[in-house]
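Every value quoted in this text rests on a predicted model; they were computed, and no experiment measured them. Computed over heavy atoms, backbone and side chain alike; hydrogens, waters and symmetry mates excluded.
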Amino acid sequence: MTAALAVVTTSGLEDGVPRSRGEGTGEVVLERGPGAAYHMFVVMEDLVEKLKLLRYEEEFLRKSNLKAPSRHYFALPTNPGEQFYMFCTLAAWLINKAGRPFEQPQEYDDPNATISNILSELRSFGRTADFPPSKLKSGYGEHVCYVLDCFAEEALKYIGFTWKRPIYPVEELEEESVAEDDAELTLNKVDEEFVEEETDNEENFIDLNVLKAQTYHLDMNETAKQEDILESTTDAAEWSLEVERVLPQLKVTIRTDNKDWRIHVDQMHQHRSGIESALKETKGFLDKLHNEITRTLEKISSREKYINNQLENLVQEYRAAQAQLSEAKERYQQGNGGVTERTRLLSEVMEELEKVKQEMEEKGSSMTDAPLVKIKQSLTKLKQETVEMDIRIGIVEHTLLQSKLKEKSNMTRNMHATVIPEPATGFY
């Protein structure tokens, strides 16, 4: 485990390793190369390894009843609300792990106040935070990974953790097993060699004289061997060594037939044991998932009750306004129906009036009685004479007005121009 954990040295705690932040300041070095967009994935993987060193699974996840995040949890957007809550709780736990008192944030806390407190703690460790606080509100991204990585480094420093060089295990080669595997034979291979030998023998020509000579020599050799066996000079130790050397080559492996019912029974027992073992693990996960879903439903119901209590007055006002709106719509519909009815009646009256006018004109034009015609002509003449009389009356009135005005002006002028003489005395 030491070898596996000591490989993670990208954070810059060990000398001689490429750093992703400024030396001792925690300032992010923005690389402008083509791999700069994937830098936060590397930081996130380092963060996961550091959290494992801090035993966050036992001390943080199990106590908080949280699910373990993936290796790229804070690098990719999945659920901003859940990621922001996970970021705040994990940052608070790391700050406490680094020796600073920090309260765990709650769901109903102000996010801006929580972010400002986290950034103030980050600056108190001597790290710079030259980015707007709104970058942390989303709960994912480069700045979130950077802040958590800084807190993890401070926590590792506080507990006195130091990186060591990796120790690689020495692998041993198994030569004997390989030799035995190569030495094993199968029935198919033996059959193939036997068929090849038969084909080779069939291709050769048979000579009877040669065959007789061979049988004679074989008989002589067998008699000689029997005499030699009676007088054996073989050492027992050499014989046993030879048997041990040749014994692996004499092993024959019989291939099993998949159609055999015994094979199927064994497979059924194996599958049953596998299902039972998997069921135990899966049942635990399903129970945990059931508990999490139950807690989530309880939270949702409590939040729903809280929202209903908070918005009860607004809901009542909305219902009253909706009732007033429905009443106004009904009155509007009733008034609109009355207007349409009266408009219809007006159109009917106008149509009847037009019909009456048309009938009167037709009757007037169809009348040919002489007295009626004379009456019409007399009426027309009276109208003309009335107009002429009105004109004459107007002219006479105008003339009379002019004469009155002229007489009045003359009278006024005479009154101012005439001087009355005094009576003379002594003429009588």
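- How far NE2 of H39 is from OH of Y146: 10.5 Å, rounded to the nearest 0.5 Å.
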Original post:
Yes or no on side-chain contact (heavy atoms from CB on, under 4.5 Å) for F102 and N117, after CA distance, side-chain angles and deciding distance?
Top reply: CA-CA 9 Å; F102 194 85; N117 294 332; 3.9 Å; yes
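- A salt bridge links E153 with K50: at least one charged nitrogen is closer than 4.0 Å to a carboxylate oxygen.
- Annotation for R272: atom CZ does not count as buried by contact number, only 12 or fewer foreign heavy atoms lying within 6.0 Å.
- Panel note: side chain N309, backbone K305; a donor-acceptor pair is recorded below 3.5 Å.
- Between I118 and C88, the closest heavy-atom pair is CD1-CA, 4.3 Å.
- At least one side-chain heavy atom of L51 sits less than 4.5 Å from a side-chain heavy atom of L94.
- Taking the six-membered ring where the residue is Trp, H143 and F131 present tilted rings, their angle falling between 30° and 60°.
- Atom CE of residue M44 and atom CG of residue D149 lie 10.0 Å apart, to the nearest 0.5 angstrom.
- For the pair C150 and L122, the tightest heavy-atom approach, listed with the atom from each and the gap, is CB-CD1, 3.7 Å.
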Original post:
Please walk me through it: do L405 and K408 pass side-chain contact (heavy atoms from CB on, under 4.5 Å)?
Top reply: CA-CA 5 Å; L405 291 174; K408 188 177 181 179; 5.5 Å; no
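- Considering CG of N291 and NZ of K288, their distance stands at 10.0 Å, rounded to 0.5 Å.
- E292 has its side chain within reach of L289: a pair of non-hydrogen atoms, C-beta onward, lies under 4.5 Å apart.
- Rounding to the nearest 0.5 Å gives a distance of 10.0 Å between NZ of K283 and CG of L286.
- Here the shortest heavy-atom pairing between V48 and S70 reads CG2-O, 4.2 Å.
- For the pair L119 and P133, the minimum side-chain heavy-atom distance is below 4.5 Å.
- Classification of R71 and E49 as a salt-bridged pair holds, one side-chain N sitting under 4.0 Å from a carboxylate O.
- In this model, a donor atom of one side chain and an acceptor atom of the other lie less than 3.5 Å apart for S124 and R100.
- At most 12 non-hydrogen atoms from other residues, nucleotides or ligands lie less than 6.0 angstrom from CD of E103.
- The two residues L54 and W93 have their closest heavy-atom pair at O-CH2, 3.7 Å.
- Among residue pairs with one or both ends in residues 68-89, those qualifying as ring-ring contact (aromatic ring centres under 6.0 Å, His included) are F41-H72; sequence neighbours excluded.
- C145 and M40 get closest at one heavy-atom pair: SG-O, 4.2 Å.
- Interatomic distance, S302 OG to L297 CG, rounded to the nearest 0.5 Å: 10.5 Å.
- Within the 3.5 Å criterion, the main-chain N or O of D130 finds no donor-acceptor partner in the side chain of T128.
- Taking the charged nitrogens against the carboxylate oxygens, R127 and E154 do have a contact shorter than 4.0 Å, which makes a salt bridge.
- E388 and K383 are not joined by a salt bridge, as no carboxylate oxygen comes within less than 4.0 angstrom of a charged side-chain nitrogen.
- Using modelled atom types and a 3.5 Å distance limit, the side chains of T78 and Q83 yield a donor-acceptor pair.
- One distance of note links CZ of R55 with NZ of K52; it measures 13.5 Å at 0.5 Å rounding.
- Considering only residues two or more places apart in sequence or on other chains, E385 meets the salt bridge (charged side-chain N to carboxylate O under 4.0 Å, His left out) condition with none of them.
- Within the 3.5 Å criterion, the main-chain N or O of A92 finds a donor-acceptor partner in the side chain of N96.
- Residues E348 and R344 are paired through a salt bridge, judged by an N-O separation under 4.0 Å between the basic side chain and the carboxylate.
- In this structure, F125 and F151 have perpendicular ring planes: the angle between them is above 60°, well past the 30° mark.
- Closest approach of L47 and A152 over heavy atoms only: CD1-CB, 3.9 Å.
- Counting only heavy atoms from C-beta outward, the side chains of L241 and R245 never approach each other to under 4.5 Å.
- Other residues, nucleotides and ligands place more than 12 heavy atoms under 6.0 Å from the CZ atom of R295.
- Salt bridge status for K355 with E352: absent, with no side-chain N to carboxylate O gap under 4.0 Å.
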